[in-house]
**Student:** 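After the structure tokens below, expect a handful of questions from me.
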Amino acid sequence: MFVSFLIGAIAIGTVLLYGCLGEMLMEKSGHLNLGIPGIMCMGTAGGCLGIELYMNGLANPENASWFLLILISILMSILFSVATGAIYGFLTVTLRCNQNITGLAVTTFGTGLAQFIMSSYVSRKLFNTAGKIISRGLVNDPNANGFLRVFFSHGFFVYFAIALAIVFAAVLKRTRLGLHLRAVGENPAAADADGINVTAYKYGSIFVGSAVAGFGGLFYTMDYLKGSWENASTIESFGWLAIALVIFTLWKPNISIFGSILFGGLSITAYVLNGSSTQNELLKLLPYIITVVVLIITSIRKKRENQPPASLGLSYFREER
């Protein structure tokens, strides 16, 4: 039972990890994007639509190439999620609209449009077939020992998420690119005066962050649910939880790997314990309660490296520099 619980925690945690990394990258540039749930939904719709177009051209969809399914789904997911992120970027970077209101609008738009695309243009049969192919792990034997099942029974997207977190941590901490991005998030006026293209860094972080967040929704439907859209409405709730995870992990990508597994475990605890409806609802609140506790502790300690970027949520007006 514990092995199954840990496997489920890692799987759900991967959904949160993608959303967390995407949001974290945007926040490093000073953008609080509450449109992450909508972007995750659009990434799902794009990836699934790409799979639909590919498999429709095959005589026997069950013989679809694992590599092409992964590649096409990733490319189409990037296209749709980045396009949605571009809307947010144009409104908040170029037009300097309120980031909170814009993010909420993007979430409403993204979830609605994704639902329309999935219900109108994606075949459930092809969807299920593709999901079974994509979700194959290195170890697929349910009788294998616990260690192998926990670490090697997952599909490609789980290991890809962990790799991205490690790369993000290295780039943000050890490269000039990461230094410039953090400078833009802390003090865009000073970064601008130092010759850093603030607008380019903001748009770049929004585009890359949106692409990564979109993978979270795609993984959830195509891998975790094995090609099912029945519970896809929960993608939006995972998006909000991913934003909370950014705070819990103190804006550090490497910590987000372990934080996502913890949040994933807390998210499924209610279903594992199978308690009363009241107990289950209280258990579902645990990730948010823990996030609030962490936020309070870090605020009291006032350690600068554990605080959000100084310009988070604020529009940059270059003429006021």
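Predicted, not measured: the structure shown is a model, and the values here were computed from it. Residue numbers start at 1 and run along the sequence shown.
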**Student:** Are Tyr18 and Ser260 side-chain neighbours, meaning at least one heavy-atom pair lies under 4.5 Å?
**Tutor:**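 Heavy-atom side-chain distance check fails, nothing below 4.5 Å.
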**Student:** Name all residues meeting the side-chain contact (heavy atoms from CB on, under 4.5 Å) criterion together with Leu75; count only those two or more places apart in sequence or in a different chain, and write none if there are none.
**Tutor:**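 side-chain contact (heavy atoms from CB on, under 4.5 Å) list for Leu75, sorted by chain: Leu71.
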**Student:** Taking Ile196's backbone N and O only, do any of them form a donor-acceptor pair with Asp194's side chain (distance below 3.5 Å, no angle check)?
**Tutor:**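 Flag not set: sc Asp194 to bb Ile196 has no pair under 3.5 Å.
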**Student:** Would you mind reporting whether Tyr203 and Thr94 have side-chain heavy atoms less than 4.5 Å apart?
**Tutor:**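 In short, these two side chains touch, coming nearer than 4.5 Å.
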**Student:** Which atom pair, heavy atoms only, marks the closest approach of Pro188 to Val198?
**Tutor:**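 Minimum heavy-atom separation between Pro188 and Val198: O-CG2, 3.4 Å.
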**Student:** Ser29 and Ser205: side-chain donor and acceptor closer than 3.5 Å?
**Tutor:**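 There is such a pair between these side chains.
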**Student:** With a 4.5 Å heavy-atom cut-off, do Phe215 and Ser77 have their side chains touching?
**Tutor:**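 Yes, close enough: below the 4.5 Å cut-off.
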**Student:** Side chains of Met24 and Thr249, heavy atoms from C-beta outward: is any pair under 4.5 Å?
**Tutor:**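 Yes, their side chains come closer than 4.5 Å.
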**Student:** In chain order, what residues pass the ring pair (Phe, Tyr, Trp, His ring centres under 6.0 Å) check against Tyr54, with sequence neighbours excluded?
**Tutor:**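 Once residues adjacent in sequence are excluded, Tyr54 has no partner under the ring pair (Phe, Tyr, Trp, His ring centres under 6.0 Å) criterion.
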**Student:** Tyr88 vs Val93, test: side chain to side chain contact (heavy atoms under 4.5 Å, CB included). Steps then yes/no.
**Tutor:** CA-CA 8 Å; Tyr88 170 85; Val93 179; over 6 Å; no
**Student:** OG/Ser120 to CD/Gln115 distance, rounded to the nearest 0.5 angstrom?
**Tutor:**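 These two atoms lie 9.0 Å from each other.
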**Student:** For the side chain of Thr175 and the backbone of Gly178, is there at least one donor-acceptor N/O pair under 3.5 Å apart?
**Tutor:**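 Side chain of Thr175 to backbone of Gly178, a donor-acceptor pair under 3.5 Å: yes, one is there.
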**Student:** Checking Glu27 now: which residues fulfil salt bridge (charged side-chain N to carboxylate O under 4.0 Å, His left out) with it, not counting sequence neighbours?
**Tutor:**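 Checked Glu27 against salt bridge (charged side-chain N to carboxylate O under 4.0 Å, His left out); zero matches.
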**Student:** What's the shortest heavy-atom distance between Ala45 and Met118, and which atoms?
**Tutor:**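 So the minimum-distance heavy-atom pair works out to CA-SD, 3.9 Å.
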**Student:** Applying side chain to side chain donor-acceptor pair (under 3.5 Å) to His154 and Tyr159, what does each step give before you reach the verdict?
**Tutor:** CA-CA 8 Å; His154 308 283; Tyr159 307 107; 5.3 Å; no
**Student:** Treating Ile, Leu, Val, Met, Phe, Trp and Tyr as nodes and any side-chain heavy-atom pair under 4.5 angstrom as an edge, say whether Phe5 and Phe263 lie in one connected cluster.
**Tutor:**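 Phe5 and Phe263: one cluster.
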**Student:** Can you check side chain to side chain contact (heavy atoms under 4.5 Å, CB included) on Thr221 and Ile235, steps first, answer last?
**Tutor:** CA-CA 9 Å; Thr221 54; Ile235 293 175; 3.9 Å; yes
**Student:** Over all heavy atoms of both residues, which pair between Pro61 and Thr129 is shortest? Give the atoms and the distance, please.
**Tutor:**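 Closest approach of Pro61 to Thr129, heavy atoms only: O-CG2, 4.0 Å.
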**Student:** Side chains of Leu16 and Cys20, heavy atoms from C-beta outward: is any pair under 4.5 Å?
**Tutor:**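 Leu16 does not reach Cys20 side chain to side chain.
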**Student:** Using 0.5 Å steps for rounding, measure from the CD1 atom of Ile257 to the OG1 atom of Thr14.
**Tutor:**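 It is 10.5 Å, given to the nearest 0.5 Å.
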**Student:** Looking at Ile7 and Val150, what are the two nearest heavy atoms and their distance?
**Tutor:**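 Result for this residue pair: CG1-CA, 3.9 Å.
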**Student:** Under 4.5 Å between side-chain heavy atoms, hopping through other hydrophobics if needed: is there a path connecting Val167 to Leu179?
**Tutor:**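 The answer is no; the residues belong to distinct hydrophobic clusters.
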**Student:** Do Asn254 and Phe168 come close enough that some side-chain heavy atom pair is under 4.5 Å?
**Tutor:**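 Sidechains of Phe168 and Asn254: no contact.
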**Student:** Tell me every residue that passes ring pair (Phe, Tyr, Trp, His ring centres under 6.0 Å) with Phe219, counting only those two or more places apart in sequence or in another chain.
**Tutor:**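 Result, ring pair (Phe, Tyr, Trp, His ring centres under 6.0 Å) vs Phe219: none returned.
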**Student:** How far does SG of Cys41 sit from OH of Tyr220, to the nearest 0.5 angstrom?
**Tutor:**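 Cys41 atom SG to Tyr220 atom OH measures 11.0 Å (nearest 0.5 Å).
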**Student:** Return the minimal non-hydrogen interatomic distance between Ala213 and Ile39, and the atom names on each side.
**Tutor:**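 Taking Ala213 first and Ile39 second, the nearest heavy atoms are CB-CG2, 4.3 Å.
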**Student:** For the residue pair Thr107 and Trp240, establish whether any side-chain heavy-atom pair is separated by less than 4.5 Å.
**Tutor:**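 With C-beta onward as the side chain, the pair touches.
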**Student:** Hey, does the side chain of Ser135 reach the backbone of Lys226 with a donor-acceptor pair shorter than 3.5 angstrom?
**Tutor:**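 Checking the backbone N and O of Lys226 against the side chain of Ser135, no donor-acceptor pair under 3.5 Å is found.
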**Student:** Taking ring pair (Phe, Tyr, Trp, His ring centres under 6.0 Å) as the definition, give me every residue that meets it alongside Phe157, ordered by chain and number, with sequence neighbours left out.
**Tutor:**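 Testing Phe157 for ring pair (Phe, Tyr, Trp, His ring centres under 6.0 Å), a comparison that skips the adjacent residues, returns none.
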**Student:** Answer with yes or no whether the hydrophobic clustering places Leu177 together with Met26; edges join I, L, V, M, F, W, Y residues whose side-chain heavy atoms lie under 4.5 Å apart.
**Tutor:**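 Hydrophobic grouping puts Leu177 with Met26.
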**Student:** If you measure from CE on Met222 to CG on Leu69, what distance do you get to the nearest 0.5 Å?
**Tutor:**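 So the CE of Met222 and the CG of Leu69 are separated by 7.0 Å.
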**Student:** Could you grab the distance from atom CG of Leu32 to atom OG of Ser311, nearest 0.5 Å is fine?
**Tutor:**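 Answer rounded to 0.5 Å: 11.0 Å.
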**Student:** Go through it in stages, so that I can follow the logic: the residues are Tyr316 and Thr199, the test is side chain to side chain contact (heavy atoms under 4.5 Å, CB included), and I'd like the CA-CA distance, side-chain angles, deciding distance and then a yes or no.
**Tutor:** CA-CA 9 Å; Tyr316 173 54; Thr199 300; over 6 Å; no
**Student:** Tell me, with the steps shown, if His31 and Leu312 meet side chain to side chain contact (heavy atoms under 4.5 Å, CB included).
**Tutor:** CA-CA 6 Å; His31 280 263; Leu312 183 62; 5.8 Å; no
**Student:** Scan for salt bridge (charged side-chain N to carboxylate O under 4.0 Å, His left out) pairs involving residues 181-190, sequence neighbours excluded, and state none if there are none.
**Tutor:**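 Sorted pair list: Glu186-Arg304.
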**Student:** With heavy-atom distances below 4.5 Å as the criterion, would you say the side chains of Thr111 and Met42 are in contact?
**Tutor:**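 Not touching, per the 4.5 Å side-chain cut-off.
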**Student:** Applying a strict under-4.5 Å side-chain criterion to I, L, V, M, F, W and Y, I'd like to know whether Leu17 and Val171 cluster together.
**Tutor:**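 Linked, Leu17 and Val171 end up in one cluster.
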**Student:** Over all heavy atoms of both residues, which pair between Gly185 and Pro309 is shortest? Give the atoms and the distance, please.
**Tutor:**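 Taking every non-hydrogen atom into account, O-CB, 3.6 Å.
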**Student:** Rounded to the nearest 0.5 Å, what's the gap from CD1 on Ile101 to CG on Leu91? Could you check?
**Tutor:**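 Separation between the atoms: 11.5 Å.
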**Student:** With a 3.5 Å distance limit and no angle check, can you tell me whether Lys173 reaches the backbone of Lys252 through a side-chain donor-acceptor pair?
**Tutor:**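 Answer holds: no.
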**Student:** Using the rule that Ile, Leu, Val, Met, Phe, Trp and Tyr join whenever any side-chain heavy atoms are under 4.5 Å apart, tell me whether Leu314 and Phe90 fall into a single cluster.
**Tutor:**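 Each belongs to a different hydrophobic cluster.
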**Student:** Distance-only, no hydrogens or angles: does the Thr44 side chain make a donor-acceptor pair with backbone N or O of Gly217 under 3.5 Å?
**Tutor:**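 Yes.
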